[in-house]
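Just below is one structure, and these are the notes that go with it.
Numbers here simply count residues along the sequence, with the first being 1.
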Amino acid sequence: MLTRRHFLKVSAALGAIGGFLPARSLLAGVLGGRSRPGADSRRPLVISTWKQGVAANEAAWNVLSGGGSALGAVEAGVMVPEADPEIMSVGYGGLPDEECRVTLDACIMGPDGNAGSVAFVQGYKHPISVARKVMEETDHVMIVGAGAAEFARKHGFPKEELLTEEARKRWLEWKASMSDRDDWLPPEEDHDTIGMVALDGSGDLAGACTTSGLAFKIHGRVGDSPIIGSGMYVDNEVGAAAATGRGEAVIKTCGSFLVVELMRQGLSPQKACKKALERIIKKSGGRPEFQVAYIAVNRDGEIGALSLQKGFQYALGEESGNRLMDSEYLL
Ligand code: GLY
């Protein structure tokens, strides 16, 4: 008899060979095409963006495997890269803006549809936890800038210097390389936001997204990551999605909301990610050179991950283990 543990191992092996392979397809293949949402749903599970997602998933998995909630898992998960100075696109150690200030964006959303967000916040290492406070302690959704920092201070978060020596050096190099021909377009550089979505053992979904945003951005620039429906979105009746990459393109297409709405219309998470990326291609009038990627999960634990350009990786954590996968890509 094929145990759940066994076929999850099969899925891990196939996934490692073939990149993305939807869990539901595997279930259908292994179990002879049976599709039975709920009972054989693949849960709990957690997906997050980029290599940094592996360590983040571990922390999330500690919550999920102990019977904890998806909401607790995604917060605990993304706090790991937020605190890691070697990850220069999130939290402490994130690359600063053009004025050499580290400004952070984050949002979180739970299965009850409640959401919290902070943007352009300075001096607080864990914007995701500040966003959760906004969600749970207020009837607001989004607090920005000095107001967000003041809100964090009043709720007991420690104020810290987030600019590391390495990030300061990178800023100096960037500054030294500027010329009068520079424009406001971003440098060719990954800005590896962490987005995370999780499905817990009770079948509830949650998501989180946190970033220092585009390196050397204009002071005050806010990307997609703190915007509910752009950087991340959850609908507990349908699924959850998160984005990484060029935030402006995601904002203009309400990216994560679009992925969830496409799943609501019956598309698999993978097909929903594809359609949402095709929308970006269409709106950008051709073949964009920037990167955008989506990760998604539906209520049955079927997953999706897709990027515009080659090179996107995502981490998938589930009962059979936690592994980094190369994403399929469109261009
Ligand atoms: N996706 C992160 C940003 O554009 O800021």
Side-chain angles (χ1 to χ4, degrees), residues 19-29 31 33-49 70 74 107 109-115 141 195-200 202-209 224-225 227-247 249-285 288 292-308 312 314 316 327-331:
F20 173 78
L21 203 48
R24 177 60 64 191
S25 318
L26 275 167
L27 275 172
L31 299 178
R34 191 173 63 188
S35 178
R36 197 159 48 85
D40 55 7
S41 173
R42 186 193 199 184
R43 68 188 191 211
L45 67 77
V46 55
I47 324 172
S48 54
T49 55
V74 295
C107 75
M109 191 164 188
D112 60 356
N114 205 4
V141 170
M196 175 180 277
V197 290
L199 176 65
D200 67 26
S202 308
D204 282 331
L205 293 156
C209 192
D224 60 315
S225 301
I227 299 177
I228 299 296
S230 288
M232 186 274 299
Y233 193 69
V234 176
D235 186 324
N236 211 42
E237 292 174 5
V238 178
T244 180
R246 179 70 64 83
V250 177
I251 293 170
K252 288 175 198 169
T253 52
C254 299
S256 293
F257 180 74
L258 180 58
V259 172
V260 171
E261 286 306 297
L262 289 165
M263 290 193 283
R264 190 192 304 281
Q265 291 167 23
L267 268 64
S268 70
Q270 186 70 358
K271 284 193 176 138
C273 291
K274 182 165 182 279
K275 279 240 176 244
L277 288 174
E278 285 169 352
R279 182 77 58 89
I280 289 177
I281 294 171
K282 190 173 172 208
K283 295 279 176 196
S284 66
V292 171
Y294 291 114
I295 54 170
V297 62
N298 68 15
R299 276 192 64 79
D300 293 336
E302 193 178 8
I303 65 163
L306 192 66
S307 57
L308 286 177
F312 173 58
Y314 64 99
L316 172 61
S327 170
E328 291 182 355
Y329 54 96
L330 284 183
L331 298 174

Report the C-alpha separation of Tyr294 and Leu258 in whole Å, then their side-chain angles, then the decisive distance to 0.1 Å, and conclude whether the side-chain contact (heavy atoms from CB on, under 4.5 Å) test is met. CA-CA 11 Å; Tyr294 291 114; Leu258 180 58; over 6 Å; no
Apply the test salt bridge (charged side-chain N to carboxylate O under 4.0 Å, His left out) to residues Lys282 and Glu278: give CA-CA distance (whole Å), side-chain angles for both, the deciding distance (0.1 Å), then the verdict. CA-CA 6 Å; Lys282 190 173 172 208; Glu278 285 169 352; over 6 Å; no
side-chain contact (heavy atoms from CB on, under 4.5 Å) for Lys271 and Leu262? Distances and angles first, verdict last. CA-CA 8 Å; Lys271 284 193 176 138; Leu262 289 165; over 6 Å; no
Test Asp204 against Asn236 for side-chain contact (heavy atoms from CB on, under 4.5 Å), laying out the working first. CA-CA 6 Å; Asp204 282 331; Asn236 211 42; 2.8 Å; yes
side-chain contact (heavy atoms from CB on, under 4.5 Å) for Asp224 and Met232? Distances and angles first, verdict last. CA-CA 8 Å; Asp224 60 315; Met232 186 274 299; over 6 Å; no
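With hydrogens and angles disregarded, a donor-acceptor distance shorter than 3.5 Å links the side chain of Ser256 to the backbone of Ser230. Side-chain N or O atoms of Glu328 include none that pairs as donor or acceptor with a backbone N or O of Ser307 at under 3.5 Å. Under the 3.5 Å distance criterion, the side-chain polar atoms of Thr49 are matched with a main-chain donor or acceptor of Gly195. Side-chain N or O atoms of Arg43 include none that pairs as donor or acceptor with a backbone N or O of Asp300 at under 3.5 Å.
Taking NZ from Lys275 and OG1 from Thr253, the interatomic distance works out to 14.0 Å, rounded to the nearest 0.5 Å.
No side-chain heavy atom of Ile303 sits under 4.5 Å from any side-chain heavy atom of Ile295.
In this structure Tyr233 satisfies the ring pair (Phe, Tyr, Trp, His ring centres under 6.0 Å) test together with Phe257, sequence neighbours excluded.
Met109 and Ile228 make their closest contact through SD-CG2, 3.8 Å (heavy atoms, listed as atom of the first residue, atom of the second, distance). Heavy-atom minimum distance, Ile47 versus Ala296: CD1-O, 3.3 Å. The two residues Ile251 and Ile227 have their closest heavy-atom pair at CD1-CD1, 3.8 Å.
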